[in-house]
Amino acid sequence: MSYDFKTIEKKWQEYWEEKKLFKSTEISDKKKFYLLEMFPYPSGKLHMGHARNYVIGDTLARFLRMNNYNLLYPMGYDAFGLPAENAAIKNKIHPDKWTDECIKTMTEQQKKLGLSYDWDRLVVTSKPEYYRWNQWVFSKFYEKGLAYKKLAPTNFCPKCETVLANEQVIDGKCWRCESEVEVKNLEQWFYKITDYAEELLADLDGLTGWPERVRIMQRNWIGKSEGLSVIFPVKNSAQKIEIFTTRPDTLYGVTFMTFAAEHPLVIELVKGTEKETEIKKFINKIVVQKRITRLEDKEKEGVFLGKYAINPLTGEEIPIYVSNFVLMEYGTGAIMCVPAHDQRDFEFAKKYNIPIKQVISNPNNSNPDLEQAFTDEGIMVNSQQFNDLNSKEAISKISDYVEEKKLGKRVVHYKLRDWLISRQRYWGTPIPIIYCEKCGTVPGPEKDLPVLLPMDVKFTGEGNPLAKSESFTKCKCPKCKGDARRETDTMDTFVDSSWYFERYCDPKQNKFPFDKKNVSYWMPVDQYIGGIEHAVLHLLYSRFYTKALRDLGLLDCGEPFKNLLCQGMVVKDGFKMSKSKGNVVSVDDMVGKYGADTARLFVLFAAPPERDLDWSDEGVAGSFRFLNKIYKLVGQLKGHSGGTDTSENLERIKHLTIKKVTGDIREEFHFNTAIAAIMEFYNEITVQHSTLNSQQLKNSVKMLVILLSPFAPHICEEMWQILGNNESILKEKWPVWDETKLVQEKIIIAVQINGKLRGQIEIKTETGEKEILEIAKSNDKIKKYLENKKIIKTIFVPKKLLNIVIGG
RNA sequence: GGGCGGGUGGCGGAACUGGCAGACGCACGAGACUUAAAAUCUCGAGUUCUGUAAGGGACGUGAGGGUUCGAGUCCCUCCUCGCCCACCA
């Protein structure tokens with residue numbers, strides 16, 4: 001018979017709720033800890049992939065509470081977004097209703113897992129109490145120039161019928177629906193994240209509690225490069241071409257230059273010349289190319305403009321091309337080309353027979369390579385007064401020279417673009433802007449916030465319902481009171497998730513997004529847990545938003561997340577568990593079949609959190625078996641007539657287990673090895689079960705239950721009660737081990753001969769090297785290896801091994 | 001092309017700072033209980049050679065080299081899988 005998890009889990013969930021045991025206290029003298037999991041999109045049913053995220057957090061939460069932290073551990077829902085709107089179109093249900101229903105079922109499932117959130121702090125981003133502060137902040141940003149509208153080439157997803165931010169385009173495809181993204185010139189709203197590029201980059205160094213790979217991804221995304229902007233005059237023309245280079249040391253090797261196809265100067269330069277038609281044709285071909293094919297097409301192509309530029313350092317005339325491998329978005333859209341020292345330029349030069357001029361010689365090979373460009377450091381040649389310098393030194397020397405002669409200047413470029421935040425969809429925060437024919441673009445006044453989403457719109461599946469809602473769009477201009485219309489775009493849902501963790505600190509505040517005092521106490525998040533897929537998206541936006549809110553004076557901290565844990569995926573049949581793959585194991589099924597404690601124990605035991613977890617039904621059964629065994633052991637305690645033995649070894653293992661479990665949870669979140677240690681402790685108890693005196697037995701079992709309680713809380717509460725305790729186990733203090741109890745009187749050490757294991761001997765712990773050697777020499781197994789051999793030396797590792805090195 | 005992770009039994013995974021590889025669990029095998037099965041309990045187990053047996057030997061952490069008394073762990077070369085970035089001037 002297996003234990004009655006259904007009754008037990010229900011009983012304790014009700015008990016916890018009734019006694020409000022998970023309510024976080026307000027500001028107190030206890031050491032605070034803010035623990036957070038990335039909040040979910042309320043799509044309805046939870047599968048074990050979601051559950052893993054929460055279970056990792058909840059186990060830690062329970063551990064921290066028992067360690068006397070003042071813990072903030074909230075939950076909320078990222079409730080705006082397209083799926084709700086699509087569901088509305090499909091099922092003829094309002095997104096608000098659909099979302100609420102999903103939240104309800106998800107909350108239920110989370111409670112059934114025994115997750116110990118403080119539900120009083122619930123944050124739902126689609127509610128006006130929340131999104132009004134998106135609007136409020138937008139207005140503040142607008143005043144400061146951090147929010148602005150501009151016409152720009154944007155990424156448009158035809159399926160989602162909306163534009164996307166750069167970060168939301170993955171390999172040229174929409175992050176959500178994987179449709180191919182089109183480039184459209186549209187007037188859109190942006191947040192000026194680029195103002196923070198340098199700080200976002202610099203502060204990454206301080207985020208030592210983050211996985212290195214996430215920091216690297218963000219660094220790459222921000223993409224800082226320092227270099228030189230140089231002006232190349234066009235021969236026989238007043239035009240000048242500005243280029244950007246990170247390799248000023250190659251300036252003397254420039255033999256041509258090329259423009260991006262979109263560069264406006266191209267058309268200007270060839271206007272009225274015989275090249276005009278050819279160039280226009282080429283440009284059209286490139287520009288029309290789809291984004292993806294253009295990126296994939298590595299074959300370099302270009303056309304000579306028939307014009308020459310002058311190298312400002314040498315006075316040399318160099319031909320100007322337009323080509324397919326220069327990007328308009330980066331640098332200046334025009335580049336100087338040094339085929340000898342850049343592989344792309346090299347390929348282009350070979351193809352069009354452009355001279356290749358070497359200016360850096362390879363110190364390891366004096367013959368110039370005719371097969372590829374030499375891009376490493378080397379010795380400067382053919383570079384006038386800079387000859388013989390190391391090319392790395394030459395970078396700064398030539399930069400100095402260029403600046404001195406006013407031919408250009410040092411500049412810094414970033415890959416990071418401003419965050420495009422407007423979306424042509426209904427289910428999001430309305431952008432609080434009013435367009436008036438007389439007054440132009442006018443921000444909605446603070447007193448009129450929130451600008452509510454109208455509820456009476458029609459979802460036809462075509463276009464933005466908001467734009468068709470007369471009651472919404474028609475309004476009065478706040479300035480001149482004349483007729484005006486509202487902005488119908490809504491905000492990217494990543495705006496919502498960029499500050500929800502700050503709202504948790506003060507979720508009911510209605511004068512500001514949050515009170516500074518509360519936020520100052522709780523922020524930053526001490527431990528954030530979530531998937532790696534947000535390495536750049538959510539985690540970068542949140543960092544920006546927090547810094548921007550700081551500069552509005554709303555809070556003091558500049559980095560929202562002190563420590564970050566990226567948990568691995570849950571994999572089944574070789575794929576990530578997901579609805580579309582059809583390989584989901586639902587939380588409901590698991591909890592129904594084995595109970596929450598088993599489900600929790602398994603996901604924690606099967607792999608360390610940062611690694612992918614292979615789902616195994618048999619493994620789950622094993623976890624269930626373990627819980628049953630412990631439950632049985634506790635049940636048998638009463639009838640234990642017992643022996644009289646006192647086991648020092650069991651006492652030692654008890655303390656060892658406390659130490660191991662505590663360390664594994666606190667330092668590395670290695671719940672798998674912590675659980676393994678608890679299992680070993682259990683195994684040891686059962687071995688000694690019949691001979692042990694009941695006092696020590698009971699004592700050991702109590703400890704076992706306490707140590708297991710963060711992992712499998714319901715069954716542990718029940719066992720705790722069976723063991724005769726009236727208070728919840730949550731009130732129990734986390735145990736401390738006694739280092740002196742870990743010492744063993746006798747230990748077994750390994751004896752090696754020339755590094756090979758040849759035997760094991762039992763010794764008193766404090767036995768010295770010489771004595772051990774003598775014992776080893778008289779050991780039968782070892783003796784035979786030493787016969788007629790000379791001992792050259794011995795290596796002794798206290799408490800571990802003795803290695804005897806022999807010769808002959 | 002660049003960067004970051006991995007590669008350990010049949011499987012998931014352990015192994016502090018270079019010190020007895022394979023903890024813990026799953027699956028498996030044998031036995032006990034049972035009319036039988038399931039459940040439960042006990043025992044076994046890296047591979048291989050050898051021995052009637054107790055036992056003993058050799059090999060073994062993707063491959064090959066190196067450093068060391070000693071290498072899963074450090075160094076070099078390479079293979080392979082995953083992720084991220086990628087014509088970034």
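Side chains included, hydrogens not; waters and symmetry mates left out as well; all remaining heavy atoms used. A note on names: the letters A, B, ... follow the listed sequences, proteins ahead of strands, and every chain is numbered from 1. Model, not experiment: these values are computed from the prediction.
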Proximal nucleotide (of [options]) relative to the [X] side chain:
X        : options             : value
A/Asn324 : B/C87, B/G3, B/A89  : B/C87
A/Lys756 : B/A14, B/C4, B/C59  : B/C59
A/Ala607 : B/G13, B/C69, B/A89 : B/G13

Enumerate all atom pairs, one protein N or O and one N or O from nucleotides 18-21 of chain B, separated by less than 3.5 Å.
from: B/G19; atom 1: N2; to: A/Gln752; atom 2: OE1; distance (Å): 3.2
from: B/C20; atom 1: O2; to: A/Gln760; atom 2: NE2; distance (Å): 2.3
from: B/C20; atom 1: N3; to: A/Gln760; atom 2: NE2; distance (Å): 2.9
from: B/C20; atom 1: N4; to: A/Ile748; atom 2: O; distance (Å): 3.2

Please enumerate all protein N or O atoms sitting under 3.5 Å from an N or O of nucleotides 54-56 of chain B, with distances to 0.1 Å.
from: B/G56; atom 1: OP1; to: A/Lys781; atom 2: NZ; distance (Å): 3.3

Can A/Asp205 and A/Arg219 be said to form a salt bridge (Lys or Arg N to Asp or Glu O under 4.0 Å), step by step?
CA-CA 10 Å; A/Asp205 293 339; A/Arg219 242 175 240 130; 3.3 Å; yes

Could you measure between the two [atom1] atoms, the one in [N] and the one in [M], and give it in whole Å?
N     : M     : atom1 : value
B/G51 : B/G66 : P     : 34 Å
B/A14 : B/G72 : C1'   : 12 Å
B/U47 : B/G29 : P     : 15 Å
B/G19 : B/G5  : C1'   : 27 Å
B/C33 : B/U42 : P     : 15 Å
B/U73 : B/U67 : P     : 15 Å
B/G9  : B/G62 : C1'   : 15 Å
B/G10 : B/G6  : P     : 23 Å

Integer-rounded Å distance: [N] [atom2] and [X] [atom1]:
X        : N     : atom1 : atom2 : value
A/His670 : B/A15 : NE2   : P     : 7 Å
A/Ile318 : B/A89 : CD1   : P     : 19 Å
A/Leu327 : B/A89 : CG    : P     : 10 Å
A/Arg219 : B/A86 : CZ    : P     : 17 Å
A/Ile532 : B/G3  : CD1   : C1'   : 14 Å
A/Glu533 : B/C85 : CD    : C1'   : 17 Å
A/Arg215 : B/G3  : CZ    : C1'   : 15 Å
A/Asn220 : B/C83 : CG    : P     : 17 Å

Given 3.5 Å as the limit, does a donor-acceptor pair link the side chain of A/Thr250 with the main chain of A/Val338, or not?
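Flag not set: sc A/Thr250 to bb A/Val338 has no pair under 3.5 Å.
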
Describe, in one word, how the ring planes of A/Tyr330 and A/His413 are oriented to each other, choosing from parallel (under 30°), tilted (30 to 60°) and perpendicular (over 60°).
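Because their plane-to-plane angle lies in the 30° to 60° range, the rings of A/Tyr330 and A/His413 count as tilted.
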
Flag for [Y]-[X]: side-chain donor and acceptor within less than 3.5 Å:
X        : Y        : value
A/Arg625 : A/Asn628 : no
A/Tyr414 : A/Glu198 : yes
A/Tyr352 : A/Ser323 : no

B/G9: syn or anti, per glycosidic angle within 90° of 0:
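In terms of base orientation relative to the sugar, B/G9 is syn.
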
So with a 6.0 Å cut-off around NZ of A/Lys593, is the heavy-atom count from everything else above 12?
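Check fails, neighbour count at 12 or below.
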
Might you confirm whether atom CD of A/Glu403 has over 12 heavy atoms from other residues, nucleotides or ligands at distances under 6.0 Å?
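Buried by this count: over 12 neighbours within 6.0 Å.
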
Salt bridge between A/Glu301 and A/Lys351, side-chain N to carboxylate O under 4.0 Å?
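So A/Glu301 does not pair with A/Lys351 through a salt bridge.
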
Check: residues 752-761 of chain A side-chain donor-acceptor pairs under 3.5 Å, at least two apart:
from: A/Asn754; atom 1: OD1; to: A/Ile806; atom 2: N; distance (Å): 2.9
from: A/Arg758; atom 1: NH1; to: A/Tyr785; atom 2: OH; distance (Å): 3.3

Hey, which sits more toward the 5' end of RNA chain B by its nearest nucleotide, A/Met336 or A/Tyr682?
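By nearest-heavy-atom nucleotide position, the 5'-most residue is A/Tyr682.
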
Just do the ring pair (Phe, Tyr, Trp, His ring centres under 6.0 Å) check on A/Phe325 and A/Phe348 with the steps written out, would you?
CA-CA 10 Å; A/Phe325 71 97; A/Phe348 193 86; 5.5 Å; yes

Any base atoms under 4.0 Å from A/Asp345, or only sugar-phosphate, or nothing? Heavy atoms, all strands.
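Answer is nothing: A/Asp345 stays at 4.0 Å or more from every strand.
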
Indicate, with a heavy-atom threshold strictly under 4.0 Å, whether A/Arg758 touches base, sugar-phosphate, or nothing.
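Here A/Arg758 touches the backbone only, sparing every base.
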
Intra- and inter-strand pairs of RNA chain B in dot-bracket (Watson-Crick or G-U wobble, both distances under 3.5 Å; | for another strand):
(((((((..(((......[....))).(((((.......))))).(((((....)))))..(((((..]....))))))))))))....

When rounded to the nearest 0.5 angstrom, what distance separates CZ in A/Phe256 from CD1 in A/Ile318?
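Rounded to the nearest 0.5 Å, the CZ-CD1 separation comes to 9.5 Å.
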
Non-hydrogen atoms of A/Leu539 and A/Arg543 that approach each other most closely:
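Looks like O-CG, 2.9 Å.
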
Might you point out which heavy atoms bring A/Leu613 and A/Val603 nearest each other, and give the distance in Å?
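Closest pair (atom of A/Leu613, atom of A/Val603, distance): CD1-O, 3.2 Å.
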
State which residues pass salt bridge (Lys or Arg N to Asp or Glu O under 4.0 Å) with A/Lys392; sequence neighbours excluded, sorted by chain then number.
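A/Lys392 satisfies salt bridge (Lys or Arg N to Asp or Glu O under 4.0 Å) with no residue once adjacent residues are dropped.
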
Return a single string for nucleotides 23-31 of chain B, one symbol per nucleotide in 5' to 3' order, where B is base contact, S is sugar-phosphate-only contact and - is none, cutoff 4.0 angstrom on heavy atoms.
BBSSS----

Taking side-chain hydrogen bond (donor to acceptor under 3.5 Å, both in side chains) as the criterion, tell me which of A/Trp175, A/Trp419, A/Trp221 meets it with A/Glu167.
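Of the listed residues A/Trp175, A/Trp419, A/Trp221, the side-chain hydrogen bond (donor to acceptor under 3.5 Å, both in side chains) partner of A/Glu167 is A/Trp221.
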
